[in-house]
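A quick write-up on the structure given underneath.
A quick note: this is a predicted structure, and the numbers were derived from the prediction, not measured.
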Amino acid sequence: MTPADSDGPLAEQLLRLTRRMHRIQKRCFQQGGLGITPAQARLLRTLAHYPSPPRMADLAERLEVVPRAVTTLVDGLEASGRVRRVPDPTNRRVIRIELTDDGHRAVSELHHARRAAAKEILAPLTAEQRTVLGGLLDTLVDGAPDGHGHAPDGDRRAC
């Protein structure tokens with residue numbers, strides 16, 4: 001079997017691991033009574049990383065989704081009191097999205113749910129295996145340097 005032949009099963013393993021992580025997180029969301037979807041959770045986590053309230057277009061770009069998808073997510077999170085729309089202080093035509101106190105609490109709970117899921121998944125590994133896995137995952141996420149100190153644009157060339 002050539003290295004290229006082994007990529008299919010490895011890709012399938014990565015997908016299965018990702019799905020397992022999402023299932024565990026979803027279970028933690030439900031047990032914690034968060035009442036949010038994985039997509040809403042992703043938007044909340046993304047929103048928490050902005051130093052000031054972003055526009056919906058900024059969120060759509062960061063999440064790599066169409067703006068309409070962000071509108072739907074924000075509508076649901078606004079209805080639950082986790083985010084609010086606020087006018088831009090310099091341009092009244094622009095609306096920005098900010099976390100409410102409930103939204104900040106939800107982000108904290110999401111963080112705990114992710115940690116619980118990771119703890120469950122990583123439980124069978126030794127400390128040394130975790131270190132090796134962390135290094136491998138860094139390489140996969142960041143891409144291997146191309147010889148010039150830059151990571152290749154593998155996301156665009158893969159297909």
Side-chain angles (χ1 to χ4, degrees), residues 8-125 130-131 133-143 151-159:
L10 285 173
E12 184 59 33
Q13 285 178 297
L14 288 170
L15 290 171
R16 286 184 11 235
L17 178 60
T18 301
R19 285 192 293 266
R20 181 172 179 223
M21 183 78 169
H22 286 143
R23 278 194 312 273
I24 294 168
Q25 285 182 65
K26 190 174 179 179
R27 184 184 72 223
C28 291
F29 296 169
Q30 291 169 343
Q31 288 173 348
L34 278 173
I36 61 174
T37 67
Q40 289 174 329
R42 185 171 174 235
L43 186 137
L44 286 172
R45 286 191 313 271
T46 300
L47 190 54
H49 284 90
Y50 278 92
S52 61
R55 300 172 306 136
M56 285 214 249
D58 299 327
L59 286 168
E61 184 177 330
R62 173 90 51 98
L63 293 168
E64 298 179 343
V65 299
V66 297
R68 178 70 189 126
V70 171
T71 301
T72 301
L73 293 171
V74 167
D75 287 347
L77 289 167
E78 189 174 38
S80 69
R82 292 191 173 102
V83 302
R84 70 177 143 250
R85 290 173 166 90
V86 294
D88 183 286
T90 60
N91 183 345
R92 65 187 181 109
R93 293 174 297 167
V94 174
I95 299 296
R96 296 189 174 271
I97 308 303
E98 72 179 6
L99 288 170
T100 62
D101 289 343
D102 283 347
H104 284 287
R105 278 191 289 278
V107 168
S108 179
E109 291 176 39
L110 291 170
H111 179 74
H112 293 300
R114 289 185 94 173
R115 288 222 183 261
K119 184 177 180 181
E120 184 175 327
I121 286 172
L122 298 173
L125 301 180
R130 288 174 190 219
T131 300
L133 178 61
L136 293 170
L137 290 173
D138 282 344
T139 300
L140 293 174
V141 169
D142 298 336
D153 190 0
D155 290 347
R156 292 194 187 121
R157 287 192 264 165
C159 300

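The salt bridge (charged side-chain N to carboxylate O under 4.0 Å, His left out) check on Glu61 picks up nothing, with sequence neighbours excluded. With sequence neighbours left out, Arg92 forms a side chain to side chain contact (heavy atoms under 4.5 Å, CB included) with no residue at all. By the salt bridge (charged side-chain N to carboxylate O under 4.0 Å, His left out) test, Arg19 is found to be paired with Glu12, residues two or more places apart in sequence or in another chain being considered. By the salt bridge (charged side-chain N to carboxylate O under 4.0 Å, His left out) test, Arg85 is found to be paired with Asp75, Glu78, residues two or more places apart in sequence or in another chain being considered.
Met56 places a side-chain heavy atom less than 4.5 Å from the side chain of Ile97. The shortest side-chain heavy-atom distance between Met21 and Thr18 does not fall under the 4.5 Å cut-off. You'll find the side chain of Arg82 stays beyond 4.5 Å of the side chain of Gln40, heavy atoms only. Side-chain contact between Leu59 and Val65: absent, with no pair of heavy atoms (C-beta onward) separated by less than 4.5 Å.
Residues Ala39 and Leu73 share a closest heavy-atom pair of CB-CD2, 3.8 Å. When all heavy atoms are compared, the tightest approach of Leu125 to Arg130 is O-NE, 3.4 Å. Closest approach of Leu44 to Ala106, counting heavy atoms only: CD1-CB, 4.1 Å. Nearest heavy-atom pair across Arg20 and Ile121 is NH1-CG1, 3.9 Å.
The stretch residues 36-58 participates, sequence neighbours left out, in these salt bridge (Lys or Arg N to Asp or Glu O under 4.0 Å) pairs: Arg55-Asp58.
In this structure, Thr46 OG1 and Arg62 CZ are separated by 7.0 Å, a value rounded to the nearest 0.5 Å. Residue Thr72 holds its OG1 atom at 11.0 Å from CG of Leu43, rounded to the nearest 0.5 Å.
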Donor-acceptor pairs are to be reported for all side-chain atoms of residues 108-119 against protein atoms at under 3.5 Å, with residues two or more places apart or in another chain.
from   : atom 1 : to     : atom 2 : distance (Å)
His111 : NE2    : Arg115 : NE     : 3.2

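Within the cation-pi definition used here (under 6.0 Å to the ring centroid, within 45° of the axis), Arg96 does not qualify as a partner of Tyr50.
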